[in-house]
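All values below come from the heavy atoms of this structure, side chains included, with hydrogens, waters and symmetry mates left out. To find a chain, count down the sequence lines: A is the first, B the second, and so on, and within it residues start at 1. Since we're looking at a predicted model, the values are computed, not measured.
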There are 2 protein chains.
Amino acid sequence: MSKKATRDEIIAAADDLFYRQGFEKTSFADIAGVVNISRGNFYHHFKTKDEILDAVIEKRLADRQAMMEKWEIEGETPEDRIRSFIDILIVNGEKIKRYGCPIGTLTSELAKLNHAAQGEANKLFTVFRTWLKRQFEMLGREDDADELAMHLLARSQGAATLANAYQDDAFIARELESMYAWLSGCAAGANKRERAEM
Amino acid sequence: MSKKATRDEIIAAADDLFYRQGFEKTSFADIAGVVNISRGNFYHHFKTKDEILDAVIEKRLADRQAMMEKWEIEGETPEDRIRSFIDILIVNGEKIKRYGCPIGTLTSELAKLNHAAQGEANKLFTVFRTWLKRQFEMLGREDDADELAMHLLARSQGAATLANAYQDDAFIARELESMYAWLSGCAAGANKRERAEM
DNA sequence: TTATTTCTAGGACAAGCGTCCCAATTCGTC
DNA sequence: GACGAATTGGGACGCTTGTCCTAGAAATAA
């Protein structure tokens, strides 16, 4: 098998395992077991566990970027596109109920480990933040686009955390409705709404 | 030293380390190092790591219960008391920025480890949920008290997660303001407000 | 075909882990 | 003061971890 193919397999397996078990808990042996290669071969592709983490974060960044580009094409209005972001909670609902948000749980774990890759992992939040900010600007909220983006990020993070704890579909549905309504309010009151009404 | 005193020291040290480093990352040696006892002595108090975790969760439950009882005495109105909950983000702000929410990060970690104590850890959320529900009922929101409680839990979880990632005081301040405003709205429109306006 | 690089397998390594045992010390009670 | 119980210290265990080495197989180039 070509080097890149094996490498990509390793990254994909690590991505999945880091999500489901966490970074710390996942061992070289776990990943090698999934990919079905020896540890020696493994070492040829990644010298340290941190190198795999970097590659996984890079992959996640690319995946999210691609996702947002798709939303950009498919969504007719900025509101549609932001709704696509909110809908992650539906699309990935089952996984989120089981393992939480892939971004939030990773950044939390790395913060506790005081890991060097914290900054890189935070970029995962930032790509969404930047993209959402742009959408809110297009919605006519140039003045507080970044604030709105952060607020929405926080809302979906909170929903994901509690979805993970309680696996309560009714709760998730209510949070979704609440975010949709909030978004409509954002669109309606472009640059006139008071921040306190967020 | 009496057995209980040493035991309590161990639990306190474990509580702190589990919060700052995570459960998985924290070893027997770490805890023993902080308490300054030998591993052999350690074993006399706790036979397994899971036993320590159970004790830590128990302690956290008791601590939170005590905190809420204090709020119950100090807060004159239900709104005041709920505000005390929101204010955790201020009171424990520095720690949250560094290590995240002690409850949210623990439940997330245990979910990934698929740990037997998941249910116990979730009780930490539930004590707040139950207490908040009661406050919302006293606020006159008998019909949707639990929904409001869950919503507020999610909001503060989300704020904590992003506070941890970005350490952005302005963001935290905005989220606090937003939650205060939402709470005022809850109080004003007792049992008349539409859920979509949450 | 030969020569050279790339890839793979399997094992060795030192360190750290949770767990466990046992001998020594301290404590409480008669 | 003496005795049994509770507490403590230190070390041993088997296992897993991340890391690293080396020898051979496969692929590529000449």
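Taking atom NE2 of B/H45 as the reference point, atom C1' of C/dT19 lies 16 Å away to the nearest angstrom. What separates CD1 of B/I37 from P of D/dG11 is a distance of 16 Å, to the nearest Å. As a whole-Å value, the separation of A/D50 CG from D/dT17 C1' is 14 Å. As rounded to whole Å, 13 Å separates atom P of D/dG18 from atom CG of A/L53. Between A/H44 atom NE2 and D/dA25 atom C1' there is a gap of 13 Å when expressed in whole angstrom units. Residue A/Q21 contributes atom CD, which lies 10 Å from atom P of D/dT17 at whole-angstrom precision. In this structure, CD1 of B/I10 is placed 11 Å from P of D/dT7, rounded to the nearest angstrom. To the nearest angstrom, P of C/dC21 lies 9 Å from NZ of B/K47.
For B/W131 and B/F125, the distance between ring centers is not under 6.0 angstrom.
Annotation: side chain to side chain donor-acceptor pair (under 3.5 Å) contacts of A/R64 (sequence neighbours excluded): none.
Using a distance-only test at 3.5 Å, with no hydrogens or angles considered, no donor-acceptor pair links the side chain of B/K112 to the main chain of A/F23. Judged by distance alone, with hydrogens and angles left aside, the side-chain atoms of A/K59 form no donor-acceptor pair with the main-chain N or O of A/D8 at under 3.5 Å.
Taking CG from A/N164 and NZ from A/K95, the interatomic distance works out to 13.5 Å, rounded to the nearest 0.5 Å.
B/E51 CD: more than 12 foreign heavy atoms inside a 6.0 Å radius.
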Might you list the N or O atoms of the protein lying below 3.5 Å from N or O atoms in nucleotides 13-17 of chain C, with each pair's distance?
unit_1	atom_1	unit_2	atom_2	d
C/dC17	OP1	B/S27	OG	3.3

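For A/N41, no side-chain nitrogen or oxygen approaches OP1 or OP2 of C/dC7 to under 4.0 Å. Look at B/T6 and you won't find any side-chain N or O under 4.0 angstrom from OP1 or OP2 of D/dT7.
In the set D/dG9, C/dT8, D/dC20, the nucleotide with an atom closest to the side chain of A/Y43 is D/dC20.
In this structure the side chain of B/Y166 never reaches within 4.5 angstrom of the side chain of B/F171, judged on heavy atoms.
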